[in-house]
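What follows is one structure encoded as structure tokens, with my remarks underneath.
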Amino acid sequence: MIRRLAAVTALALVGAGLAVGAQADAGISRAQGPAFAADDGPAVSLTLTEYGPAVMKPTDSLQTTAMVSNPTALAVSDLSVTLSVTRSPITSRSALRAFLQDPTSATTQVAASALVVDTPLTQAGGTNVLPAGVSVPVHLSATPRALGMPANTAGVYGVVFEVVSPAGVIATQTAAVTWYAANEIPTLRLAFLATASGSAERTAQLATAAMVSGVALAIDPVTITDDAQARAIAANREIFALPSADVDLTSLAHAENEELIAFSLTDSAQNALDPLAGRPWLATLPVVDDPTVALATSRGAIAGVIDVTAGASIGGVTAPVVDVTSSAGTLPVLVPDAGLSRIAATYHPGLPDASARLVAEAALEAMARDNASPVVVAPGTAWHLTGPGASLPAAELLSAPWVVPVTVQSVINGPIRAEIASSAPRGTSSDVDPRLIERLERRLGDLAQLAVTAEDPNDIYLPGGRALLRPLAVGLRSDPTARDTAFEAAKEEVDATLNGLQVAVGSDVNLIAASGNVPVTLHNDLPVDATVRLVMRSASPNLVVEDQPVVTIPAGGDFTAHVAVTGVKSANVNATLALHNTDGDVVAAPQTLKVRVRADWGNAVTAVFTVGLVLLVVAGVIRTIRRGRRSTRMAPVAPPKKDAPAEHGGDDG
């Protein structure tokens, strides 16, 4: 198939070369037909896959490739693609926009054409047929002479590609090209400010896209966690910091919330890697009113920038920076060019003609303004990227011959500026619901208390706090549905953390002695060890709690703590068990435990045991005495026998 397409392209080039010579010399011109044929015409599409250069010089040729696709179930025959250019230069940005939307608004002349073929015509049976379900690339090339570009001039021209069938034009695509054969475009001093925030992946992609010489970067620094990546981002670059999550300052200001913005700014200032640390912070302003400007000013922002790609504006100001006076002081606010910023952010992302449109608009802007006044381009939160790498439109814009890149700081400090007073609060209909902000603030306070249990409180506080900021991202201001989804996800994540410590209460506990220990199992779902105080409170004077043990529960594990208690009187006692941090704040939901106090049972058993022991001792003593008396008795003396003769003494007389 690759060889087949190569053959088709070769044939197209031959046809284009023949067509260019004849048509350009003849100066063929015609008004453009409709962008699409009638509803019953073939549903063929046209997409540019190659287009350039954006700035065309006398030694260049306009090189283009158009992908013609037939998504239908039927083959289409006898198609060709033409490349036409406006006969005269376009003189304003509004005229360029009109041409790109409707190429019939200007007279054009054909500069190149080629047949749409799937099989080379030189092969047997080859025809000018586009089979069903097939896409074919058609290459068109045109020299300045073929395009009719006048020598020693400069200007912006419109270009239109058309797929032509026997029934007429069935698909179109428009583009712009800037002709530069003389130094006739005034100098344009331009500051390009990219914003990088959101997820770690999104921030890294945006920061990489901004790796173009002359592009300044405002970045949420805590999303970058790799030191080598941080060094690459910061190298030879003008860097500003954003609050963590680039939060919606207007919503927080209108809700008069201090805790969440304080956490956001402290996180950004204290927890960035060294290459990104210590940068002045820039305030993204969705609304320019007194509460918003006062909040940014009081919190030390170096300047504000209006988020024009999200619809923010400041009426009647044409200067690149305006000093806005609020109740808290004056804040310089950058005012990006809305048109250039939106084109940089969203025009044909990833397609090859995006650079040419941005460069052409910059050329027309340069022709229309005082060249001493700089222009700011800021794609903002809407910058749409389709792949990795540096932004080609930004690179081509800043390398245009008439563009002189300047720093954002030079615009902030520059002499060309306006002054206004801030307005009363406005734009509240797009604010985050103050009740939601209150709920987020309450959870942030709970996280701070839970974090005390960790050896390093930031291990708990920072991940949870950053999760709570995600629904407040300024980029979600225009998308309430996405914001609500982000809030639910943050709530679920943080609630899981807040419920990470638990008291596991099992069956009732029996206390059958006057004193003893109540065993309590503690569980830790947190990723770090937690040191807590186990607080047991008795609801009855019949059970006295003797201590509050401080224990460390291993991460993801269990620990059995023992609470010393004393039973005063037999009773069924309810006791609550709670975990406190070392500051005395409750960090785990209290649980109820029933303790069956049977202190009298213990006394009775002890008494019975004691009586029994005494009886045994007494019995032993009696037995011993009895044995002793038998061993000390004298044996009985036997009586004299009756038949024994009596002994008498002699008697003489």
Next on the checklist: I'd like to know whether Thr292 forms a side-chain hydrogen bond (donor to acceptor under 3.5 Å, both in side chains) with Asp289, so could you lay out the CA-CA distance, the side-chain angles of the two residues, the decisive distance to 0.1 Å, and finally the verdict.
Outcome noted: CA-CA 6 Å; Thr292 306; Asp289 63 7; 2.6 Å; yes

Next on the checklist: Test side-chain hydrogen bond (donor to acceptor under 3.5 Å, both in side chains) on Ser251 and Arg477; report intermediate values, then the result.
Outcome noted: CA-CA 9 Å; Ser251 289; Arg477 185 175 175 88; 3.3 Å; yes

Checklist entry - Could you walk me through whether Arg231 and Leu276 pass the side-chain contact (heavy atoms from CB on, under 4.5 Å) check? => result CA-CA 8 Å; Arg231 288 197 302 271; Leu276 299 175; over 6 Å; no

Item to check | side-chain contact (heavy atoms from CB on, under 4.5 Å) between Lys594 and Thr592, intermediate numbers included | outcome: CA-CA 7 Å; Lys594 179 177 286 188; Thr592 301; over 6 Å; no

Next on the checklist: Before you tell me yes or no, could you show the steps for Gln591 and Gln502 under side-chain contact (heavy atoms from CB on, under 4.5 Å), namely the whole-Å CA-CA distance, both residues' side-chain angles and the distance that decides it to 0.1 Å?
Outcome noted: CA-CA 9 Å; Gln591 301 293 323; Gln502 302 161 18; over 6 Å; no

Checklist entry - Run the salt bridge (charged side-chain N to carboxylate O under 4.0 Å, His left out) check on Asp508 and Arg596 step by step: do they pass? => result CA-CA 7 Å; Asp508 298 347; Arg596 294 191 179 97; 3.4 Å; yes

Next on the checklist: Walk me through whether Glu455 and Asp529 qualify under side-chain contact (heavy atoms from CB on, under 4.5 Å).
Outcome noted: CA-CA 7 Å; Glu455 182 178 1; Asp529 295 351; over 6 Å; no

Next on the checklist: side-chain hydrogen bond (donor to acceptor under 3.5 Å, both in side chains), that's the test. Do Arg598 and Asn572 meet it? Break it down for me.
Outcome noted: CA-CA 9 Å; Arg598 298 297 181 261; Asn572 292 332; 3.1 Å; yes

Checklist entry - Can you check side-chain hydrogen bond (donor to acceptor under 3.5 Å, both in side chains) on Ser327 and Asp290, steps first, answer last? => result CA-CA 7 Å; Ser327 56; Asp290 188 79; 2.9 Å; yes

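Val518 is not listed as a side-chain neighbour of Val545, based on a closest heavy-atom distance of 4.5 Å or more. Side-chain contact between Val222 and Leu462 is absent, with no heavy atoms from C-beta onward closer than 4.5 Å. No side-chain heavy atom of Pro221 sits under 4.5 Å from any side-chain heavy atom of Arg279. Between Leu190 and Leu398, the closest side-chain pair of non-hydrogen atoms falls below 4.5 Å. Residues Ser341 and Val377 meet the side-chain proximity criterion, which asks for heavy atoms closer than 4.5 Å. Under the 4.5 Å side-chain criterion, counting only non-hydrogen atoms from C-beta, Asp246 is not in contact with Asp220. The shortest side-chain heavy-atom distance between Val333 and Ile314 does not fall under the 4.5 Å cut-off. Contact of the Ile233 side chain with the Met211 side chain is registered, since non-hydrogen atoms from C-beta on lie closer than 4.5 Å.
Under the 30°/60° scheme for interplanar angles, the aromatic rings of Trp383 and Phe192 are found to be tilted.
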Would you give me the side-chain donor-acceptor pairs under 3.5 Å for residues 442-452, sequence neighbours excluded?
unit_1, atom_1, unit_2, atom_2, d
Arg443, NE, Asp495, OD1, 2.8
Arg443, NH2, Asp495, OD2, 3.3

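Among Thr309, Thr284, Asp307, the single residue meeting the side chain to side chain donor-acceptor pair (under 3.5 Å) criterion with Thr381 is Asp307.
The backbone N or O of Ser268 sits nowhere less than 3.5 Å from a side-chain atom of Trp281 that would complete a donor-acceptor pair. Judged by distance alone, with hydrogens and angles left aside, the side-chain atoms of Thr346 form no donor-acceptor pair with the main-chain N or O of Ile343 at under 3.5 Å. Between the side chain of Asp583 and the backbone N or O of Asp585, no donor-acceptor pair lies under 3.5 Å. Between the side chain of Asn524 and the backbone N or O of Pro554 there is at least one donor-acceptor pair closer than 3.5 Å. For the pair Asp547 (side chain) and Pro549 (backbone), a donor-acceptor distance under 3.5 Å is absent. Remark: side-chain polar atoms of Ser410 are paired, donor with acceptor, to backbone N or O of Thr407 under 3.5 angstrom. A distance-only check finds no donor-acceptor pair linking the side chain of Thr566 to the backbone of Val544 [under 3.5 Å]. No donor-acceptor pair under 3.5 Å is formed between the side chain of Asn458 and the backbone N or O of Tyr461. Checking side-chain atoms of Ser538 against main-chain N and O of Leu543 turns up a donor-acceptor pair under 3.5 Å. No donor-acceptor pair under 3.5 Å is formed between the side chain of Ser264 and the backbone N or O of Leu260.
The minimum heavy-atom distance linking Ala319 with Ala418 is given by the pair CB-N, 3.8 Å.
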